[in-house]
Amino acid sequence: MSENVRVRFAPSPTGHLHIGGARTAIYNWAFARRHGGTFILRIEDTDPERSTEENTQAILRAMEWLGMDYDEGPIVGGQYGPYFQTQRTASYSEALEELKRAGATYPCFCTPAELEVKRNAARSKGGFAGYDRTCRALSPSEAKARIAAGEPHVWRLKVPEDRGEIVFSDAVRGDVTFPADTVDDLVLVRTDGSATYNFAVTVDDATMAITHVIRGDDHLSNTPKQILIYEALGKSLPTFAHLSMILGSDGKRLSKRHGATSVEAYRDLGYIPEAVLNYLALLGWSLDGETTVFSRETLAENFALDRVSRNAAIFDEEKLEWLNGVYIRELPASGLVDRIVPWLEAEGLTDAADVAARRAWFEELAPLVSERIKRMDEVAGVVRFLFDDAISIAEDAREKVLMKEGAARSLEAAADVLSRLDVFDAASVEESLRTLPGSLELKPKVVFQAVRVAVTGSTVSPPLFESIALLGKERTLTRLHDALTSATH
RNA sequence: GGCCCGUUCGUCUAGCGGUUAGGACACCGCCCUCUCAAGGCGGAGAUCACGGGUUCGAAUCCCGUACGGGCUACCA
């Protein structure tokens with residue numbers, strides 16, 4: 001592909017960036033990067049009822065969070081702007097004038113009510129239910145006269161009579177054929193002068209010199225209409241590539257019923273962008289059928305449309321979780337601290353000053369937590385005992401562990417041995433505690449679980465010796481003594 | 001109704017005429033072990049939607065059927 005690749009992602013700000021849209025964005029981005037092309041972001045804000053500035057901002061934020069940097073679009077600008085559809089209306093009027101000159105469009109005076117009657121009649125007879133072309137038969141002079149008289153009208157595409165079949169080679173699905181006589185004389189420009197979706201996208205894609213239209217499957221059936229518009233406009237066709245839908249766990253189209261559907265919702269759930277990007281890329285594309293974990297760079301170097309799957313995929317949050325865990329574990333301690341801290345701050349466990357004051361302590365803590373969380377929102381639960389001054393011991397832990405034979409002796413011995421330490425690091429804590437099972441003639445498990453419950457308040461915690469070292473001598477001894485009151489010898 | 005697209009383990013997928021149908025998640029077992037994880041090893045799990053062809057040979061090519069999805073708006 002030596003031509004200058006230009007692709008675009010064109011979300012509509014009628015909602016947040018959702019999972020399906022994000023994957024489309026990722027594929028467009030990857031395709032552009034792979035071919036050294038241009039990735040364009042265009043906001044399709046032509047639905048005034050549902051489009052909001054807030055949604056536009058949310059989409060921009062989500063794109064940035066995913067690392068989808070675009071070469072042309074809002075904020076960054078570009079040669080082919082503007083990048084908001086509402087600001088491109090002049091080019092639609094221009095295109096309409098061109099079509100009028102070429103005789104490829106005609107005014108239609110049928111009212112919506114009339115159209116509905118015709119449509120219902122046609123459909124009940126079976127077969128093609130498009131516009132019956134009444135106004136196409138109007139003489140030019142009559143049409144002109146009615147327009148001059150101020151009669152409301154739309155402008156329709158004059159689908160060529162003898163067009164035959166519309167065939168195009170879809171980059172993911174192969175050759176797709178539509179009989180031209182099943183394509184409607186669709187409305188291009190509404191009564192109020194605004195462009196309809198199919199007209200606007202086509203004009204935009206043509207004037208922005210888009211070479212590859214990579215978009216959702218739901219547009220496959222719109223493609224023949226758009227091809228006819230390109231032809232009427234005398235523009236060359238881009239390559240089309242249609243991506244299958246992403247479905248919910250029940251096999252139905254992904255919607256709010258399935259829980260989180262927006263990219264930012266996943267961010268708030270504790271997923272990290274690398275994992276979301278990787279997972280979404282994998283949902284419908286494969287590097288080689290074997291590799292499941294790959295970087296943004298690997299994606300950008302290897303993405304190819306002919307390896308995009310043709311069938312719809314069910315979004316599997318469990319696999320995303322696993323992948324998120326993989327990325328969390330791969331993070332270096334320092335980077336992990338930066339990612340963890342906001343989540344601890346949100347829980348009121350720490351603040352920027354605290355982190356700055358004892359960065360090294362946080363970096364020791366990081367690897368302890370990374371191995372046992374899959375999402376960032378789990379962090380606080382794992383390390384809370386290291387931040388709170390006093391802990392409460394879970395009732396079942398007290399019963400199951402502290403009230404067991406030998407628990408109190410273990411705590412006393414542990415306090416004794418630890419109180420003698422000068423250097424309170426994980427290695428020395430371990431060394432001294434390891435002597436206990438032998439000297440007390442208790443199973444290691446009994447001793448260590450008693451200490452764990454006393455110190456962390458739970459039967460489940462990060463590794464004991466490291467945790468104690470991180471907690472510090474003073475707080476450890478206090479907790480051992482406190483727990484003694486409810487422990488059994 | 002019409003037109004178009006899709007159908008390989010529960011899920012995501014590899015496969016592009018000859019494979020014991022491969023991998024990943026989830027699941028089960030064992031190992032490691034101070035708990036939980038992580039990790040290692042192993043296991044179970046797909047008559048490739050169904051029916052016809054073509055071929056020496058089909059998950060792979062062709063045609064039907066079924067099921068699912070999309071479009072069929074002066075929404076995008």
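Per chain, numbering begins at 1; letters A, B, ... match sequence-line order.
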- Looking only at side-chain N and O atoms, does N311(A) come under 4.0 Å of OP1 or OP2 in U8(B)? yes

- Query: Counting only side-chain N and O atoms of S309(A), is one of them less than 4.0 Å from OP1 or OP2 of U13(B)?
  - Reply: yes

- Query: Below 6.0 angstrom between ring centroids: does that apply to H219(A) and Y197(A)?
  - Reply: yes

- Pairwise C1' distance for A76(B) and U19(B), with rounding to whole Å: 46 Å

- Check each of L277(A), L282(A), N302(A) against F294(A) using the side-chain contact (heavy atoms from CB on, under 4.5 Å) test, and report the only one that passes. L282(A)

- Note on the structure: In whole angstroms, the gap separating P of U33(B) from CZ of F448(A) amounts to 13 Å

- Task: Scan S194(A) against the nucleic acid and name what it touches under 4.0 Å (heavy atoms): base, sugar-phosphate only, or nothing.
- Result: nothing

- Query: Would you say T52(A) and T56(A) make side-chain contact, with heavy atoms under 4.5 Å?
  - Reply: no

- Comparing nearest nucleotides in RNA chain B, the 5'-proximal residue of the pair T292(A), D45(A) is T292(A)

- Query: Nearest nucleotide by nearest heavy atom, which residue falls closer to the 5' end of RNA chain B, A313(A) or L115(A)?
  - Reply: A313(A)

- Task: Would you mind building the protein contact string for nucleotides 67-72 of chain B? One character per nucleotide, 5' to 3', B for base within reach (heavy atoms under 4.0 Å), S for sugar-phosphate only, - for untouched.
- Result: ---BSB

- Tell me what R310(A) touches on the nucleic acid: a base, only sugar-phosphate, or nothing, going by heavy atoms under 4.0 Å. sugar-phosphate

- Query: Aromatic rings Y92(A) and F199(A): how do their planes relate, parallel, tilted or perpendicular, breaks at 30° and 60°?
  - Reply: tilted

- Please state whether the rings of H242(A) and F168(A) are parallel, tilted or perpendicular, taking 30° and 60° as the class boundaries. perpendicular

- Message: Under 4.0 Å, heavy atoms only, any strand: does F465(A) hit a base, just the sugar-phosphate, or nothing?
- Response: base

- Message: Counting C-beta onward and ignoring hydrogens, is there a side-chain heavy-atom pair between S169(A) and F240(A) closer than 4.5 Å?
- Response: no

- Message: Give me the distance, rounded to whole Å, that separates G22(B) from A46(B) when you measure between the P atoms they each carry.
- Response: 12 Å

- From CD1 of I166(A) across to C1' of G2(B) the rounded distance in Å is 15 Å

- Please state the P separation for the pair C50(B) and C9(B) - nearest whole angstrom. 10 Å

- G53(B) versus U60(B) - spacing of their P atoms, nearest Å: 14 Å

Provide a list of protein-nucleic acid N or O atom pairs under 3.5 angstrom, restricted to nucleotides 39-49 of chain B.
residue : atom : partner : partner atom : Å
G39(B)  : OP1  : R329(A) : NH1          : 3.2

- Taking everything shown except E395(A) itself, do over 12 heavy atoms lie less than 6.0 Å from its CD? yes

- Message: Rounded to whole Å, how long is the line connecting atom CG of L368(A) with atom P of U35(B)?
- Response: 15 Å

- Message: Counting C-beta onward and ignoring hydrogens, is there a side-chain heavy-atom pair between S410(A) and F448(A) closer than 4.5 Å?
- Response: no

- Do R372(A) side-chain and C36(B) base share a donor-acceptor contact under 3.5 Å? yes

- Rounded P spacing from G23(B) to G43(B) in Å: 10 Å

- Item | Nearest-Å distance once atom P is located in both G2(B) and A44(B) | 47 Å

- Between A73(B) (C1') and N120(A) (CG): distance, integer Å: 12 Å

- Item | Side-chain donor/acceptor of K319(A) to base of A26(B), under 3.5 Å | no

- Pair Y271(A) and Y279(A), ring centroids less than 6.0 Å apart: no

- Task: Determine whether the aromatic ring centres of W285(A) and F303(A) lie less than 6.0 Å apart.
- Result: yes

- Message: Output the rounded distance in Å from OH (Y327(A)) to P (A38(B)).
- Response: 18 Å

- Are any of the side-chain heavy atoms of L433(A) and I468(A) separated by less than 4.5 Å? yes

- Query: A76(B) P sits how many Å from Q226(A) CD, rounded?
  - Reply: 12 Å

- Given the P atoms of U11(B) and C56(B), what is the spacing between them in whole Å? 37 Å

